[in-house]
Amino acid sequence: MLCRADRSHLDALEAIEQASFSTDRISRRSFRRFIDQEIGDFQVALVDDQVVGYFIVLYRQATQLARLYSLAVAPQWRRQGIGSQLLEAAEDAADEQHCLFLRLEVKTDNFAAQEMYHKAGYYDMEIRPEYYEDDSDALVLQKLLPRYEEPAGQNDAQKLVPYRTQTTEFTCGPASLLMAMAFFDIPSADPEHEELEIWREATTIYMTSGHGGCGPHGLARAARRRGMDVTLHVSHDGPLLLDSVRNSEKKAVMARIQEADINALRAANVPICVGDYSLAQLIEDLQQGSLVVALISTYVFDESKAPHWVLICAADENYIYINDPDQDSLPWQSPAERQYLPIPLATFRRAFGFGKRKQKAALVLRRRQQ
Ligand SMILES: CC(C)(COP(=O)(O)OP(=O)(O)OC[C@H]1O[C@@H](n2cnc3c(N)ncnc32)[C@H](O)[C@@H]1OP(=O)(O)O)[C@@H](O)C(=O)NCCC(=O)NCCS
């Protein structure tokens with residue numbers, strides 16, 4: 001049984017700590033402070049009212065990162081599943097706080113603990129040299145907590161949106177479009193080549209100015225050309241993403257290119273909705289079977305201000321799930337983690353939109369109605 005730690009557990013906690021760690025032990029005073037000040041989540045495992053293990057999870061404000069500060073089981077109670085049970089409870093606690101990741105440090109020679117974490121889905125991130133008081137190194141491990149669960153009642157054969165990693169640092173938009181094409185069964189003879197083709201059709205770059213990636217109007221045109229129905233939502237009328245271009249002549253050329261795209265979209269009756277594309281509308285569009293290619297700022301994730309296109313695949317009451325084509329800019333590691341990556345709604349609200357003017361752009365894509 002697990003319960004919140006209280007002062008009556010202090011003697012047992014101190015004994016477990018003494019028996020479990022040779023260095024960097026948590027003092028009785030620190031244990032008491034965690035309890036009294038209700039810092040983080042601190043739970044103990046009880047067998048017949050006896051404390052046999054504990055965990056402490058700490059949260060850093062305004063991040064989606066939780067830290068497993070400590071976890072230990074009394075020696076005589078090990079290898080009976082209690083450690084795993086505590087770890088699962090720690091993950092549940094962090095998930096409850098809408099944290100995306102649970103991260104921890106462990107001594108590089110602590111193979112028992114590493115085995116437990118690896119088995120539970122943690123992956124190695126880095127070695128921190130001389131991390132502990134005795135100068136030994138720490139291995140940092142991390143796990144992505146929430147995953148996409150198909151809504152109950154839907155048929156099991158529901159198809160997930162396939163994942164694709166962008167092949168260049170500036171083709172996030174085209175890679176997102178290619179994922180949508182694959183989902184809508186629109187074949188591409190040579191996706192790698194087509195990724196570059198779409199970029200050539202939609203890039204806003206001109207003579208080394210511009211952000212390098214694709215503009216919303218050009219991308220919408222490219223999507224339409226490839227057999228998808230598109231509705232474009234933009235926060236501002238006219239050309240976008242030109243704020244950082246200082247040279248006014250270049251800016252004028254770049255604006256003209258986007259205007260040509262806008263005119264072509266109008267001529268093809270592609271709806272261009274100017275205004276705020278709300279979260280409620282986004283969720284409704286997803287429920288209707290659309291996919292949404294949206295421009296986000298990566299600032300809330302890694303404090304670098306890059307405009308970045310991602311494909312939004314699903315939503316529920318807590319998360320927006322994205323396929324993130326980028327393998328570098330965000331702190332998720334494997335392709336499996338960048339498919340249906342959960343972004344808490346509040347985080348998405350902050351990430352959606354780019355630059356000082358919070359320019360927003362989203363392409364709502366549907367299979368073309370015959
Ligand atoms: C690491 C620790 C918490 C594991 O607790 P536990 O209750 O024994 O863990 P479980 O019984 O749930 O074991 C889960 C899995 O971890 C692995 N594991 C645990 N102890 C192991 C050991 N001594 N050698 C190899 N693998 C081990 C096994 O894969 C095990 O699954 P299995 O028993 O089905 O083979 C416990 O050994 C401990 O308290 N160690 C000292 C403190 C510590 O290192 N804490 C973690 C660092 S923050």
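Along the sequence shown, residues carry numbers from 1. In each ligand, atom 1 is the first atom listed, and ligand 1 is the first ligand listed.
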Atom pair CZ/CD of Arg128 and Glu126 - distance to nearest 0.5 Å: 4.5 Å
Kindly compute the distance separating SG (Cys172) from CD (Gln166), expressed to the nearest 0.5 Å. 5.0 Å
Residues in the immediate environment of ligand 1 (any heavy atom closer than 4.0 angstrom): Ser20, Phe21, Leu71, Ala72, Val73, Arg78, Arg79, Gln80, Gly81, Ile82, Gly83, Ser84, Asn110, Ala112, Ala113, Glu115, Met116, Tyr117, Lys119
Between Ser70 and Phe21, is a side-chain contact (heavy atoms from CB on, under 4.5 Å) present by the stated rule, with each step listed? CA-CA 10 Å; Ser70 190; Phe21 299 104; 3.9 Å; yes
Donor on one side chain, acceptor on other, Thr171 and Glu195, under 3.5 Å: yes
What is the distance from atom CD of Glu194 to atom CG of Leu178, rounded to the nearest 0.5 Å? 5.5 Å
List, one per line, each side-chain donor-acceptor pair under 3.5 Å for residues 73-84, sequence neighbours excluded.
residue: Arg78; atom: NE; partner: Val73; partner atom: O; Å: 2.8
residue: Arg78; atom: NH2; partner: Ser20; partner atom: OG; Å: 3.0
residue: Arg78; atom: NH2; partner: Val73; partner atom: O; Å: 2.9

